[in-house]
> 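Dropping a structure here in structure tokens format, bear with me for questions.
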Amino acid sequence: MTVSGTATGVRVRIAPSPTGEPHVGTAYIALFNYLFAKKHGGEFILRIEDTDATRSTPEFETKVLDALKWCGLEWKEGPDIGGPYGPYRQSDRKPMYQPYAQELLDKGHAFRCFCTPARLEQMREAQRAAGKPPKYDGLCLSLSAEEVTSRMAAGETTVIRMKIPAEGSCDFTDGVYGDVSIPWDSVDMQVLIKADGMPTYHMANVIDDHLMQITHVARGEEWLASVPKHILLYRYFGWDQPVFMHLSLMRNADKSKLSKRKNPTSISYYSALGYIPEALMNFLGLFFIQIAEGEELLTMDELSEKFDPDNLSKAGAIFDIQKLDWLNGRWIREKLSEEEFQARVLTWAMENDRLKEGLRLSQTRISKLGELPDLAGFLLKSDLGLQPSDFAKIKSPPEEILEILNTVQADLEKILEWNVETIEAELRAIADRMGKKLKVVVSPLFVAVSGSSRSLPLFDSMAILGRSVVRQRLKLAAQAVAALVGSK
Ligand code: GLU
């Protein structure tokens, strides 16, 4: 299928949900859209999809915007700069969705559902027991208008669900997958408007793509199964649908889905370690183009010249850190002038106030400036090179150290805002939960985070390093300690 679109009028978007640390997968999809717009002289815009109010936070929204800016992916319209189709944050668009939901109800394409969470859980339980995939059974599908009115008047909680054809299949052509056919009976009667009046992702996504005049929707393959719901909504509203392109997900070397348990996935991890954004974009861009060996080093302009969405590379997107390291080294050596290199190093050292904070904490702890690298160098290192012997001086047995490292690693996500106070509070809570003294929990963390038992204060150091670097250091420390378990 040709997905190039017309030479003018192409509008694409990246639509991140601010529910966690900005992921390299978001940069990968954003880059595809960015290159697609560049190739066609079109527009690349950014929309924040925060319909999941419990998981979305302003902190993560700021982080995702900062991370994509760091990548060099500039958008023409977005929540930070506005534009003709605003607002660009779905929570700010809440009142806009209701009339569309009413239109679907009026046309008979949607219905009100009063089923309680407890009833839905029972229903799913029964479906699972019968070996069927969980799916709404349609109990409220045929409620009379009078019954709906009286139940609403009585204050019963209600959601709006979309109707799905009883038979046949949804056939469409995806710009990457080609012809796809998904039977309607595998598609759920999706909730469109939640009990609190907020739209779900599917509803808001389709309405916004239409209102923002998006011509091509390029996103991760995990959304392919949702296309029938989206296409149906376009049909119900009588709107033209965009061209869909579902990109293969990035994978770990063992082909499993890229996950932070195997590879660091936060963009902030790569910036903290001193990867050059151009090198990261170069690395991700290679997933979209076909080139001969030896042609790998490419700028954004060169990537967009070679980018051909009708001829995407079929090779899976394997996130090979060694290749990224190799490209990053080449960028440092071959692409940056001496002045640029120096400027990059200084910007990097100042990022997240790393250097300034490191010096502030060091001032009371040294007698000669030359002691600084040993004391605070861990704040800048990409790899501490931890060995099992580094943990030998800690009083706890290796089993206990391992338990502490793993527990803290798993609980890092619970810290919503990452700062000295919240880190300290969570570590105290972990110590309480584990029934251990704070000192016992903190000693192995010290070594894991700084590589030494004599260094800067732990909570401050963790705050400066950032969550994604701390996570990776705890993981590597746990690997080192695991070698000690059972060997004593
Ligand atoms: N908010 C969705 C995400 O973060 C966007 C999916 C889409 O592009 O439609 O994955």
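One-based numbering, in listed order, for ligands and for the atoms of each. Owing to the predicted nature of the structure, the values given are computational and were not obtained by experimental measurement.
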> So which protein heavy atom does atom 9 (O) of ligand 1 come closest to, and at what separation?
Tyr201 OH, 2.7 Å
> Identify every side-chain donor-acceptor pair in residues 88-96 under 3.5 Å, counting partners at least two apart or on other chains, and give the distances.
residue	atom	partner	partner atom	Å
Tyr88	OH	Glu77	OE1	2.7
Tyr88	OH	Tyr85	N	2.8
Arg89	NE	Glu61	OE1	2.8
Arg89	NE	Glu61	OE2	3.2
Arg89	NH1	Asp92	OD2	2.7
Arg89	NH2	Glu61	OE2	2.8
Gln90	NE2	Glu49	OE2	3.2
Gln90	NE2	Asp208	OD2	2.9
Ser91	OG	Asp50	OD2	2.7
Arg93	NE	Asp208	OD1	2.8
Arg93	NE	Asp208	OD2	3.4
Arg93	NH1	Tyr85	O	3.2
Arg93	NH1	Pro87	O	2.7
Arg93	NH2	Asp208	OD1	3.0
Lys94	NZ	Asp196	O	3.2

> Could you pull out all residues at least two apart from Tyr100 that satisfy ring-ring contact (aromatic ring centres under 6.0 Å, His included)?
Phe237, Trp239
> Is there a nitrogen or oxygen of Asn205 sitting under 3.5 Å from a nitrogen or oxygen of ligand 1?
yes
> Heavy-atom contact check, 4.0 Å cutoff: does Arg13 meet ligand 1?
yes
> How far is atom 10 (O) of ligand 1 from its nearest protein heavy atom, and which residue and atom is that?
Trp223 NE1, 3.3 Å
> Does Arg344 pair with Glu340 as a salt bridge, N-O distance under 4.0 Å?
no
> Are any of the N/O atoms on Ala15, whether in the backbone or the side chain, positioned under 3.5 angstrom from an N/O atom of ligand 1?
yes
> What atoms of ligand 1 come within less than 4.0 Å of a heavy atom belonging to Glu49?
1 (N), 2 (C), 5 (C)
> One thing to verify: whether Arg55 and Glu413 come together as a salt bridge, which I'm taking to mean a side-chain N less than 4.0 angstrom from a carboxylate O.
no
> Answer yes or no: is there an ion pair linking Asp301 with Lys38, defined by an N-O contact shorter than 4.0 Å?
yes
